[in-house]
Novice: 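Got a structure here, written out as structure tokens. Questions coming.
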2 protein chains.
Amino acid sequence: MDPDDAGSAGVLHRAARLLNALAEGGPEGLRLTDLAEAAALPRPSAHRVLRGLVQERLVEVDARTKRYTLGLRLFEMGARAGGRLGLRQICRPVLLRLTETLGETHFLLLRDGYEAVCLDRSTGPLVIRSLTGDIGGRVPLGVGQGGLAILAFLPEAEQDDVIRHNAARLRDVGGLDEATLRAELARVRRDGHCDRSSGVLPGMTGIGVPILDREGRAVAALSVGSTAEHLTPERGQVIAALLKKEALAIAARLNPFDPALRRAGAAMEMN
Amino acid sequence: MDPDDAGSAGVLHRAARLLNALAEGGPEGLRLTDLAEAAALPRPSAHRVLRGLVQERLVEVDARTKRYTLGLRLFEMGARAGGRLGLRQICRPVLLRLTETLGETHFLLLRDGYEAVCLDRSTGPLVIRSLTGDIGGRVPLGVGQGGLAILAFLPEAEQDDVIRHNAARLRDVGGLDEATLRAELARVRRDGHCDRSSGVLPGMTGIGVPILDREGRAVAALSVGSTAEHLTPERGQVIAALLKKEALAIAARLNPFDPALRRAGAAMEMN
DNA sequence: GTCATAACTTCCATTATGTGGAAGCTGTTC
DNA sequence: GAACAGCTTCCACATAATGGAAGTTATGAC
């Protein structure tokens with residue numbers, strides 16, 4: 001029917017649309033009508049699908065308020081899906097150790113197509129605001145220190161593709177035009193890390209280093225989020241060196257056959 | 001068709017069955033044939049549904065090995081579903097603080113019908129083995145210190161229902177016959193906490209306290225997992241008192257309208 | 001290198017399952 | 001207590017799911 005909506009038919013796709021809508025919504029949950037609108041479904045259909053999801057416990061409804069939220073089952077599965085990603089297992093102790101040593105907040109980002117997903121983080125005593133938010137959050141590649149570190153270490157053709165694809169968001173979220181971005185990427189490649197104070201979150205800054213696969217392509221990033229005040233240039237140098245050492249050690253332990261690390265390519269093929 | 005399989009028809013239910021099977025499977029993923037068998041579906045049907053799930057990125061296939069695993073999307077959603085549960089937000093800092101102070105590993109369990117789900121945990125330096133495993137894991141109510149603490153503080157009728165329902169697993173996993181269990185529950189009710197060295201995991205022990213709602217019913221538990229060697233009786237007393245204090249503070253902050261806390265009831269109705 | 005085997009994938013006639021407009025509820029507001 | 005907004009049910013209709021059988025591609029044995 002709709003040519004550019006290939007594979008859009010079917011209950012599954014509708015269910016996924018509803019789940020996505022729910023994931024966007026606030027913690028108080030969403031009402032049927034709004035959910036139906038967000039997922040572009042007729043109310044009765046949304047209702048029917050949601051009932052199915054509730055039955056599978058992927059979604060919960062409050063009997064009193066009739067508000068829908070993501071279900072406990074999803075939480076459980078998500079926890080296991082994460083555990084399955086070898087990278088996360090390897091990095092967990094590294095994050096904890098870094099936070100122990102440096103007292104900063106550390107992030108592990110995994111590249112996923114044109115974006116990066118926060119796979120894990122360890123929170124330091126300092127209160128910081130981050131672009132990705134908590135675990136499970138996303139940033140476009142090129143935004144934030146981690147996102148820049150990954151983008152800088154992609155093969156040129158892919159880099160161009162990502163930049164083209166993310167152009168709008170890089171301007172809006174990252175406040176970067178293409179020329180500035182390219183200059184920045186060159187610098188990151190030269191230094192092996194990113195320590196730009198992204199102007200995005202006032203007072204906030206950080207450092208990001210890429211985690212490379214055997215071919216030298218970035219598959220993930222390790223980063224620190226801190227305040228401009230706390231992260232002096234000297235301290236920054238030390239931390240960058242430390243992160244690079246850890247990233248190398250992680251890279252050496254990567255299983256080259258881990259499907260999670262092929263994710264990048266997979267996402268590209270889809271387009 | 002199948003009378004006791006009410007509502008089992010439909011793609012959604014099949015998808016959920018496949019997801020469950022995937023969640024059980026090992027980290028290397030499952031093959032189509034095994035998945036189809038695990039979910040009791042004809043191979044072609046399993047294949048079709050899985051393809052849909054892959055398209056929605058709820059599931060991933062490795063192009064080379066054809067093995068299916070839970071997808072990144074699920075991880076993301078799971079992270080948000082967890083964030084939505086107010087209890088988790090409230091307890092996160094408590095867990096961190098406890099681990100900071102005591103150097104033990106702490107668990108937050110949420111009751112869910114006849115079981116409890118590990119909502120969060122903070123890991124101490126001591127290496128311990130736990131029944132629930134990591135976040136997202138489950139134990140039957142009555143097993144483990146947390147599970148016992150919850151069961152002990154349920155209304156009598158519900159308690160009986162749970163014990164009846166879990167009887168087999170309590171024997172197998174918990175190694176408890178009903179008489180011993182009932183005596184144990186009485187003790188937990190009297191003391192306000194559970195400090196039995198469950199014989200289940202040799203050398204391991206712990207302490208669990210319930211988190212009660214306004215009606216005095218347990219909705220969750222806070223627990224410590226440690227080794228018998230490390231957790232001396234005197235230390236146990238101190239820790240139990242501390243946990244109780246925290247559990248009370250948490251209970252006071254509970255939103256009585258939080259749908260997550262009505263989960264217990266919901267599960268019962270289903271049966 | 002060739003054959004055997006096991007697993008994955010596609011096909012397609014059949015029909016069960018999903019569809020959504022309209023009508024009926026419910027609970028909330030004025 | 002009337003008006004409203006949102007949830008739920010109904011049901012004639014058609015589409016999208018179904019699964020046996022046949023085709024294709026990996027894997028391993030000889």
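So you know, we letter chains A, B, ... as the sequences are listed, proteins then strands, and number each from 1. For the numbers below, each heavy atom of this structure counts, side chains included, while hydrogens, waters and symmetry mates do not. Everything quoted here is computed from the prediction, not taken from an experiment.
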Novice: Please state how far atom CD in A:E37 lies from atom P in D:dA5, giving the value in whole angstrom units.
Specialist: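 Spelled out: CD on A:E37 to P on D:dA5 is 15 Å.
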Novice: Within less than 4.0 Å of OP1 or OP2 of C:dT9, is there a side-chain N or O belonging to B:R51?
Specialist: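 No.
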Novice: Is there a donor-acceptor pair under 3.5 Å between the side chain of B:R17 and the backbone N or O of B:A39?
Specialist: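 Side chain of B:R17 to backbone of B:A39: a pair is present.
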Novice: To the nearest Å, how far apart are A:R67 CZ and D:dG6 P?
Specialist: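 Spelled out: CZ on A:R67 to P on D:dG6 is 11 Å.
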Novice: Could you tell me whether the side chain of A:D213 and the main chain of A:R217 form a donor-acceptor pair under 3.5 Å?
Specialist: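 Such a contact is found between A:D213 side chain and A:R217 backbone.
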Novice: Quick one: B:L50 CG to C:dT10 P, roughly how many Å, whole number?
Specialist: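 Rounded to the whole Å, the gap is 13 Å.
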Novice: Taking C-beta and beyond as the side chain, do A:L212 and A:V219 meet within less than 4.5 Å on heavy atoms?
Specialist: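 Of all side-chain heavy-atom pairs linking A:V219 with A:L212, none is under 4.5 Å.
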Novice: When you compare the side chain of B:I211 with that of B:L254, does any pair of heavy atoms fall below 4.5 Å?
Specialist: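 Touching, per the 4.5 Å side-chain cut-off.
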Novice: Under 3.5 Å, is there a donor-acceptor pair between the B:H47 and B:R51 side chains?
Specialist: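 Note: B:H47 and B:R51 side chains miss the donor-acceptor criterion.
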Novice: So with a 6.0 Å cut-off around CZ of B:R67, is the heavy-atom count from everything else above 12?
Specialist: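 Yes, the 6.0 Å shell around CZ holds more than 12 heavy atoms from other groups.
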Novice: Less than 4.0 Å between a side-chain N and a carboxylate O, is that true for A:R57 and A:E76?
Specialist: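 No, no charged N to carboxylate O under 4.0 Å.
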Novice: Can any side-chain N or O of B:R88 pair as donor or acceptor with the backbone N or O of B:L119 at less than 3.5 Å?
Specialist: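 At least one qualifying donor-acceptor pair exists.
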Novice: What's the CG-C1' distance between B:L35 and C:dT9, to the nearest Å?
Specialist: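 In whole Å, C:dT9 C1' and B:L35 CG are 16 Å from each other.
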Novice: Are any protein N/O atoms closer than 3.5 Å to N/O atoms in nucleotides 18-22 of chain C? If there are, list each pair with its distance.
Specialist:
residue: C:dG18; atom: OP1; partner: B:V11; partner atom: N; Å: 3.4
residue: C:dT19; atom: OP1; partner: A:R14; partner atom: NE; Å: 3.3
residue: C:dT19; atom: OP1; partner: A:R14; partner atom: NH1; Å: 3.2
residue: C:dT19; atom: OP2; partner: A:R48; partner atom: NH1; Å: 2.5
residue: C:dG20; atom: OP1; partner: A:R14; partner atom: NH2; Å: 3.3
residue: C:dG20; atom: OP2; partner: A:R14; partner atom: NH1; Å: 3.0
residue: C:dG20; atom: OP2; partner: A:R14; partner atom: NH2; Å: 3.0
residue: C:dG20; atom: OP2; partner: A:S45; partner atom: OG; Å: 2.6
residue: C:dG20; atom: N7; partner: A:R48; partner atom: NH2; Å: 3.1

Novice: Does OP1 or OP2 of C:dC8 have a side-chain N or O of B:H47 closer than 4.0 Å?
Specialist: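 No, no such contact exists.
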Novice: Ion pair present between B:D161 and B:R164, side-chain N to carboxylate O less than 4.0 angstrom?
Specialist: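 Salt bridge present between B:D161 and B:R164.
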Novice: Just to be sure I follow the notation: if a pair is Watson-Crick (purine N1 to pyrimidine N3 plus N6-O4 or O6-N4) or a G-U wobble (N1-O2 and O6-N3), each under 3.5 Å, what dot-bracket string does DNA chain D give, with | for pairs to another strand?
Specialist: ||||||||||||||||||||||||||||||
Novice: Just the table, please: protein N/O against nucleotides 24-30 of chain C N/O, every pair under 3.5 Å.
Specialist:
none

Novice: Below 4.5 Å, heavy atoms only, C-beta onward: do B:V61 and B:L50 meet side chain to side chain?
Specialist: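 No; the side chains remain at least 4.5 Å from each other.
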Novice: Closer than 3.5 angstrom, by distance alone: can the side chain of A:R73 be matched with the main-chain N or O of A:F75 as a donor-acceptor pair?
Specialist: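 No, because the side chain of A:R73 does not come within donor-acceptor range (under 3.5 Å) of the backbone of A:F75.
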Novice: CZ of B:R31 versus P of D:dA26: gap in Å, rounded?
Specialist: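 Atom-to-atom, B:R31 to D:dA26, this comes out as 16 Å.
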